[in-house]
Asks: 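I'd like to ask you about the structure that follows.
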Amino acid sequence: MGDAVTAVTVRLGDAAVELAPDASVREALGRLGAMRADVVAVAVTPAGADAAQEWDLDRPLVEASAAAVDVAPIRAATPEGRDILRHSTAHVMAQAVTDLFPDAKWAIGPPVEDGFYYDFDVARPFTPEDLAAIEARMRELLAAKQRFVRAEVTRDEALALFADQPYKREIVERVEPSEVDVAAGRDEPTFTVYRNVAPDGTEAWVDLCRGPHLGSTDRIPAFRLMRTAGAYWRGREDQPMLQRIYGTAWESEEALEAHLKMLEEARARDHRRLGRDLELLHLPEELGPGLAIFLPRGAHVRRAMEDWIREETLARGYQPVYTPHVAKEDLWRISGHLQNYAELMFPAMEVEHATYRLKPMNCPFHVLAFQARTRSYRELPLRISELGTVYRFERSGVVNGLLRARGFTQDDSHIFCTADQVVDEVMGCITFARDLYRAFGLGDPSRVAVSTRPPDSLGSDEQWEVAEAALVEAATRSGFEVEIDAGEGAFYGPKIDVHARDAIGREWQLTTIQVDFNLPERFDVAYVGEDGARHRPFMVHRALFGSIERFFAVLLESTNGAFPLWLAPEQVRVLPISEDVLPYAEEVRGACAAAGLRVELDAADDSLGARVRRAQTEKVPVTLVVGGEEAAARTVAVRPYRGEQRRGVPLDGLVAELVAEIGAGRRGEIPPPAVD
RNA sequence: GCUGGAGUAGCUCAGUCGGUAGAGCAGCCGCCUCGUAAGCGGCAGGUCAGGGGUUCGAAUCCCCUCUCCAGCUCCA
């Protein structure tokens with residue numbers, strides 16, 4: 001390094017070309033036949049380096065400080081390419097904001113999933129009219145064909161350049177020298193800035209940025225400003241609130257349109273809308289935010305979920321308990337919830353000189369169940385389980401239908417076990433979670449993450465280390481690649497979160513498995529060991545659905561309300577073609593009901609077409625149309641929600657078929673259907 | 001909790017300059033007796049989120065509160 005390089009060999013796959021050091025990577029790609037209009041940047045790997053760097057197209061080869069480099073074009077329609085495109089669009093937006101609001105101070109403007117944002121400190125929040133004006137100004141800047149020009153500066157130069165930009169100065173001041181800087185013998189980091197240069201050579205704007213960027217502003221094919229939002233500087237509540245503008249940018253108008261259409265569809269999939277339209281849920285204002293009523297159709301689905309988990313829980317050796325919804329404050333003081341969790345608990349209720357609290361968690365009750373009598377090591381592992389409804393006073397801004405509620409039900413279990421049983425027990429929970437995801441059509445877990453010790457937490461270092469290691473071992477031995485979410489554990493112990501991906505690709509955290517060493521200590525929980533002495537058990541807490549309500553909402557949005565047969569609130573609908581076949585239609589309904597199917601007869605005074613339409617829009621999995629032909633032959637015409645119609649299907653055979661499908665569905669043997 | 005946006009019939013939405021509210025769907029009643037995604041006609045349905053203010057007059061303008069949405073923060 002540092003030696004004068006006279007020529008650089010540039011390789012792309014099998015092709016190679018030798019160029020002068022001052023040639024740009026753009027030129028190199030051109031010579032290699034890999035330059036296209038949609039190439040936004042270049043992945044450059046200097047010989048000997050183990051990772052590629054993203055470079056601007058106009059950056060000269062000499063800056064690689066290597067005699068040979070590997071290059072690969074980064075195209076707009078790739079995740080990396082879109083990030084660059086969006087990052088550049090964020091810069092253009094900041095320039096437009098500065099043009100329209102000269103006093104605006106800039107914070108950060110990164111690409112994010114599906115778009116970008118930029119945070120500003122401005123005198124007043126942006127209005128929708130401001131957004132339209134900013135977007136219009138951005139279109140002028142795109143047409144102005146400003147080039148993005150990269151430059152390296154020192155810390156002092158950067159501080160001088162952004163003398164009137166306090167947030168940029170703060171960023172500059174906080175940066176430590178990177179590994180690259182250290183390797184190059186620099187004790188100060190190098191900063192990069194990007195100047196926006198107009199075709200006439202004048203500098204229109206400059207921003208601190210790691211890059212890379214597009215060659216020029218007219219290379220942004222399609223963008224849209226989406227919305228404004230408040231956001232704390234550096235994401236901390238004690239910091240000033242900035243005004244954030246979200247936008248999105250894409251490689252083509254078509255891609256932008258497709259994205260906007262997808263957003264529209266996601267809105268239509270909202271569980272609150274589906275819950276209302278399909279008469280599953282009722283979220284009236286009279287109840288209060290974060291509280292829900294399950295209407296009969298929703299209740300049928302929920303019961304199917306609850307029946308499944310109850311049966312499986314018993315089959316896997318858990319003991320059921322029932323516990324109350326409130327308890328005296330003393331209990332919450334012993335458990336530590338009043339000290340550590342008070343802001344999430346509903347306020348106290350005074351009753352006959354005693355103070356009661358709604359339960360935010362089921363754990364203390366399960367501990368009391370364990371302590372109902374002296375426990376022997378022979379009883380361990382003891383798995384205590386219930387569907388326990390808890391109430392948490394969530395801050396008003398975070399409540400979100402069933403996904404984030406103030407009252408919700410956990411399929412909650414606490415496993416009391418010895419140290420050497422922990423790994424097996426946690427593995428059992430992970431396997432259980434996998435089986436549950438499969439049965440409910442979510443496929444296998446998409447992500448398994450162990451959350452480690454957070455800053456404010458109870459317990460000793462040794463306890464945490466042992467428990468974290470046990471969780472990692474259990475997840476690994478269950479066949480999952482474990483990710484570590486550092487510092488994300490609960491205050492009372494580390495946890496494993498099991499995530500699933502829904503039908504439209506969104507990831508949800510559902511199952512949580514936690515080790516709790518707080519409660520056993522606080523309640524002085526003990527069992528009598530083989531040696532006759534008292535021993536402290538480990539306590540593993542797990543909720544597989546997470547929350548029944550939340551899982552229900554995820555399932556509803558994932559299936560778009562078209563539940564698999566075994567979960568559907570109404571599994572079969574019978575439609576008589578005319579009044580004279582009503583007796584046979586009744587018979588069909590009766591045959592289904594006798595087999596345990598949830599079935600309705602729609603003999604309303606509407607045309608068959610209207611009733612078929614109603615059955616389809618209500619997403620009933622199986623519609624049976626019966627007329628004279630069917631009555632005579634004791635068959636049905638089957639119209640499934642998805643798939644082909646079948647006529648002349650024998651009634652008995654169909655009922656057996658549906659019963660078999662329900663069994664298979666419950667056992668997780670039916671793969672999820674195509675996206676509805 | 002914080003920032004912005006919104007709240008009109010069960011649902012989706014219109015309502016101009018401040019002049020006391022309308023459509024489609026759903027519901028109810030009647031006609032039609034029907035072969036696979038909307039047959040026809042009629043009726044009823046509103047404290048315009050709630051409260052206060054300005055005004056001769058408020059869905060419309062102002063203030064407060066509640067709720068919802070999008071974020072931030074937080075989380076199952």
Side-chain angles (χ1 to χ4, degrees), chain A residues 112 117 119 122 124-128 130-131 226-246 263 267-268 270 272-273 276-277 279 282-290 343-344 360-361 390 392-412 451 488 490 495 497 508-512 514 541-551 553-554 575-582 603-618 623-630 637-641 644-645 647:
Chain A
V112 291
Y117 67 81
D119 287 344
V122 282
R124 61 162 178 85
F126 296 112
T127 65
D130 292 338
L131 273 200
M226 305 298 284
R227 68 181 90 85
T228 60
Y232 299 106
W233 168 234
R234 292 172 45 217
R236 286 172 40 173
E237 278 184 284
D238 58 353
Q239 296 289 321
M241 179 162 275
L242 308 173
Q243 295 303 315
R244 174 172 297 179
I245 302 177
Y246 280 93
L263 290 180
R267 251 194 302 283
D270 186 289
R272 285 158 299 203
R273 171 191 286 264
R276 187 184 56 218
D277 290 351
E279 286 185 29
H282 189 39
L283 306 164
E285 282 198 12
E286 294 89 322
L287 281 182
E343 72 280 7
L344 274 167
M361 293 188 192
V390 297
R392 298 184 187 172
F393 189 72
E394 296 289 348
R395 298 159 91 188
S396 60
V398 306
V399 172
N400 177 249
L402 254 42
L403 291 172
R404 190 76 183 276
R406 283 186 172 162
F408 60 95
T409 305
Q410 296 178 310
D411 63 302
D412 208 354
S451 295
E488 295 294 314
K495 60 173 180 170
D497 289 325
W508 301 92
Q509 190 231 297
L510 300 165
T511 296
T512 184
Q514 315 184 336
H541 161 161
R542 47 109 293 198
L544 299 182
F545 282 124
S547 133
I548 306 258
E549 287 82 352
R550 180 181 154 85
F551 197 100
V554 170
L575 303 183
I577 279 171
S578 61
E579 254 177 41
D580 46 306
V581 287
L582 199 49
D605 193 13
D606 288 310
S607 68
L608 180 65
R611 285 177 289 148
V612 166
R613 179 173 190 275
R614 193 182 303 143
Q616 287 291 122
T617 54
E618 291 173 9
T623 300
L624 304 180
V625 177
V626 295
E629 278 173 44
E630 285 79 12
V638 183
R639 185 191 168 104
Y641 178 71
E644 296 294 303
Q645 291 178 43
R647 299 194 59 167

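From a predicted model like this one, the values you see are computed outputs, not experimental measurements. These values consider heavy atoms only, across backbone and side chains, with no hydrogens, waters or symmetry-generated copies. Every chain is numbered from 1 and lettered A, B, ... according to where its sequence line falls, protein lines coming before strand lines.
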Asks: Given side chains that start at C-beta, do those of Q243(A) and D130(A) come closer than 4.5 Å, heavy atoms only?
Replies: no
Asks: For RNA chain B, report each stem as range with range, ordered by first number, or say none. Use Watson-Crick or G-U wobble pairs under 3.5 Å, at least 3 in a row.
Replies: B:1-7 with B:66-72, B:10-13 with B:22-25, B:27-31 with B:39-43, B:49-53 with B:61-65
Asks: To the nearest Å, how far apart are R613(A) CZ and rA38(B) C1'?
Replies: 5 Å
Asks: What's touching nucleotides 72-74 of chain B from the protein side, N or O pairs under 3.5 Å?
Replies:
residue	atom	partner	partner atom	Å
rC72(B)	O4'	G230(A)	O	3.2
rC72(B)	O2'	Y232(A)	N	3.0
rU73(B)	O2'	E237(A)	OE1	2.9
rU73(B)	O2	R395(A)	NH1	3.3
rC74(B)	O2	R404(A)	NH1	2.5
rC74(B)	O2	R404(A)	NH2	2.6
rC74(B)	N3	R404(A)	NH1	3.3

Asks: Taking only side-chain N and O atoms of N400(A), does any of them lie within less than 4.0 angstrom of OP1 or OP2 on rA70(B)?
Replies: yes
Asks: T228(A) has a side chain; which of rG35(B), rA70(B), rG4(B) sits nearest to it?
Replies: rG4(B)
Asks: With respect to the side chain of R276(A), which nucleotide from rA76(B), rC31(B), rC11(B) is positioned closest?
Replies: rC11(B)
Asks: Looking at every non-hydrogen atom in both residues, tell me the closest pair between V581(A) and V626(A) and how far apart they are.
Replies: CG2-O, 3.6 Å
Asks: Round to the nearest Å and state the distance from D277(A) atom CG to rC25(B) atom P.
Replies: 17 Å
Asks: Taking the side chain as every heavy atom from C-beta outward, state whether R267(A) and R273(A) have any atom pair closer than 4.5 Å.
Replies: no
Asks: Nearest to the V612(A) side chain among rG39(B), rU33(B), rU36(B), which nucleotide is it?
Replies: rU36(B)
Asks: Could you tell me which residues satisfy ring-ring contact (aromatic ring centres under 6.0 Å, His included) with F408(A), sequence neighbours excluded, listed by chain and number?
Replies: none
Asks: Output yes when at least one side-chain N/O atom of T512(A) is less than 4.0 Å from OP1 or OP2 of rA76(B), else no.
Replies: no
Asks: Measure from the side chain of D605(A), starting at C-beta and using heavy atoms only, and say which of rA76(B), rU36(B), rC34(B) lies closest.
Replies: rC34(B)
Asks: Less than 4.0 angstrom between a side-chain N/O of S607(A) and OP1 or OP2 of rC34(B), yes or no?
Replies: no
Asks: Check the geometry between F126(A) and rG4(B) and answer yes if their rings are stacked (centres below 5.5 Å, planes below 30°), otherwise no.
Replies: no
Asks: For the base of rG71(B), is there a side-chain donor-acceptor partner from Q243(A) under 3.5 Å away?
Replies: no
Asks: Starting at atom CG of L242(A), determine the distance to atom C1' of rG4(B), rounded to an integer number of angstrom.
Replies: 14 Å
Asks: Counting only side-chain heavy atoms from C-beta out, which of rU33(B), rG35(B), rC32(B) sits nearest to S578(A)?
Replies: rU33(B)
Asks: Should the side chain of R647(A) and the base of rG35(B) be counted as holding a donor-acceptor pair, with the cut-off at 3.5 Å?
Replies: yes
Asks: Go through it in stages, so that I can follow the logic: the residues are R550(A) and L402(A), the test is side chain to side chain contact (heavy atoms under 4.5 Å, CB included), and I'd like the CA-CA distance, side-chain angles, deciding distance and then a yes or no.
Replies: CA-CA 5 Å; R550(A) 180 181 154 85; L402(A) 254 42; 6.0 Å; no
Asks: Can you tell which of rC34(B), rA70(B), rA76(B) lies closest to the side chain of Q514(A)?
Replies: rA76(B)
Asks: In sequence, state the C-alpha distance, the side-chain angles, and the governing distance for L403(A) and W508(A), and then conclude on side chain to side chain contact (heavy atoms under 4.5 Å, CB included).
Replies: CA-CA 10 Å; L403(A) 291 172; W508(A) 301 92; 3.8 Å; yes
Asks: Please tell me which of the listed nucleotides, rG35(B), rU33(B), rU36(B), lies nearest to the side chain of R639(A)?
Replies: rU36(B)
